[in-house]
Amino acid sequence: MKSQEFESQVLKTIRENSLIKKGEKVIVAMSGGKDSTTVAYLLKKFGYNPEALHINLHMGKWSDDNMENVKTMCRQNKIPLHIFSIKKEMGNTICYIKQVVGSETNYKQCTICGILRRWLINKKARSLGAKKLATGHNLDDEAQTALMNLFKGNIMLGINSGPKVGLFEDRMFVTRIKPLYYCKEDDVRKYAQSMSFPVLYQRCPCVMGAYRHEVRNHLNELEKKNPKLKENIVKSFSKILPLLREQVKTNSIRYCKECGEPSRNDVCKACQIRMKIR
Ligand code: AMP
Ligand code: ZN
């Protein structure tokens, strides 16, 4: 796929799904990886004037390099950047939290990290006044998620899928948007490489052994025989998504008793984790 074709695909996703309205404040959650870096670059190029938010996970050299790359990218493209530290916000490093909480619960390490990151990103994006929060999720991520939920026997978990996440306008929940929703990971990688973005292409050093990693490998194998496989999974799932959302809409939204963030339970998962390390 040529660079221009790739850019058109992203712009089409933004326009056809009304991801950003004119003048809305949009913040990109930048990890330092190729996907969210591409999102920040393209939103700037398309004239949406994004800002960026980075969470320093303090995982040694890997985190240091990612943070430096995010800083370089934002400086080069005149994107205002806000950096937060998980250690400062939680009082402990992510590795410590994962160890303690991982041994006391049946949460997987990547799950713990993901819950805390999403919680912090939503809280900070809201305090910065964002109307939309853009992430780097791509077609591969979405196909993996759809299958993993199906394998778990809980397709309802997929209500957070789709190019725009946020069931209804809620003062506490910043609507998440995914401009790369229809882009294959391979195409994102090629685009980022062709643009010489300062990014690390390795996955997080802790990801090995994660279930998602296995599903990713299986899908990549199957895709060799059916190039439209991931697109077909995501498009099929999109057809049932409105039905799933309709069911949830009937239950009113709840807020965590501890932190006030939107939650499906009395106490949100992030606070359940935070209580274990207090
Ligand atoms: P992941 O859960 O690692 O697949 O990341 C999903 C999305 O969350 C990425 O595409 C980024 O937009 C965002 N993200 C992940 N890690 C960070 C981070 N350390 N700081 C800010 N945003 C992040
Ligand atoms: Zn909470």
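Both ligands and their constituent atoms are indexed starting at 1 by order of listing. Residue numbers count from 1 along this sequence.
- Relative to atom 18 (C) of ligand 1, the option among D141, I83, I55, V70 with the closest non-hydrogen atom is I55.
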Inset, instruction - Give the intermediate values and the outcome of side chain to side chain donor-acceptor pair (under 3.5 Å) for residues E24 and Y48. - result: CA-CA 8 Å; E24 261 182 354; Y48 291 107; over 6 Å; no

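- When side chains are defined from C-beta on, N69 does not count as touching T37, because their heavy atoms never get closer than 4.5 Å.
- Applying the salt bridge (charged side-chain N to carboxylate O under 4.0 Å, His left out) criterion to D64, with sequence neighbours excluded, gives no partner residue.
- Atom 14 (N) of ligand 1 has S31 CB, 3.8 Å as its closest protein atom, hydrogens excluded (heavy atom only).
- Close contacts between ligand 1 and A29 involve ligand atoms 11 (C), 12 (O), 13 (C), 21 (C), 22 (N) [criterion: under 4.0 Å to a heavy atom].
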Inset, instruction - Take E231 and K228 through the test salt bridge (Lys or Arg N to Asp or Glu O under 4.0 Å) and record every step on the way to the result. - result: CA-CA 5 Å; E231 196 181 321; K228 280 195 166 274; 3.5 Å; yes

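- Between Y41 and the options F6, F46, F197, a ring-ring contact (aromatic ring centres under 6.0 Å, His included) holds for only F197.
- Distances between N or O atoms of A134 and those of ligand 1 include no value under 3.5 Å.
- In terms of protein heavy atoms, atom 21 (C) of ligand 1 is closest to M30 O, 3.3 Å.
- Ligand-side atoms of ligand 1 in range of H54: 20 (N), 21 (C), range being under 4.0 angstrom from any heavy atom.
- No side-chain heavy atom of L150 sits under 4.5 Å from any side-chain heavy atom of F237.
- Residue G136 has at least one nitrogen or oxygen atom sitting less than 3.5 Å from a nitrogen or oxygen atom of ligand 1, judged on distance alone.
- Distance from atom 4 (O) of ligand 1 to its nearest protein heavy atom, with residue and atom name: H137 NE2, 4.5 Å.
- If you number the atoms of ligand 1 from 1 as listed, the ones under 4.0 Å from a heavy atom of L53 come out as 21 (C).
- Side-chain contact between V10 and L180: present, with at least one pair of heavy atoms (C-beta onward) separated by less than 4.5 Å.
- Between SG of C268 and SG of C271, the angle at the Zn ion (ligand 2) works out to 110°, rounded to 10 degrees.
- Within the 4.0 angstrom cut-off, atom 1 (P) of ligand 1 has one or more protein heavy-atom neighbours.
- Taking 4.5 Å as the limit, some side-chain heavy atom of I115 sits within range of a side-chain heavy atom of R118.
- The single protein non-hydrogen atom nearest to atom 16 (N) of ligand 1 is R117 NH1, 3.1 Å, given as residue, atom name and distance.
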Inset, instruction - Might you work through the side chain to side chain donor-acceptor pair (under 3.5 Å) test for N220 and K230, ending with a clear yes or no? - result: CA-CA 9 Å; N220 286 344; K230 292 166 189 163; 2.7 Å; yes

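- If you number the atoms of ligand 1 from 1 as listed, the ones under 4.0 Å from a heavy atom of T135 come out as 12 (O).
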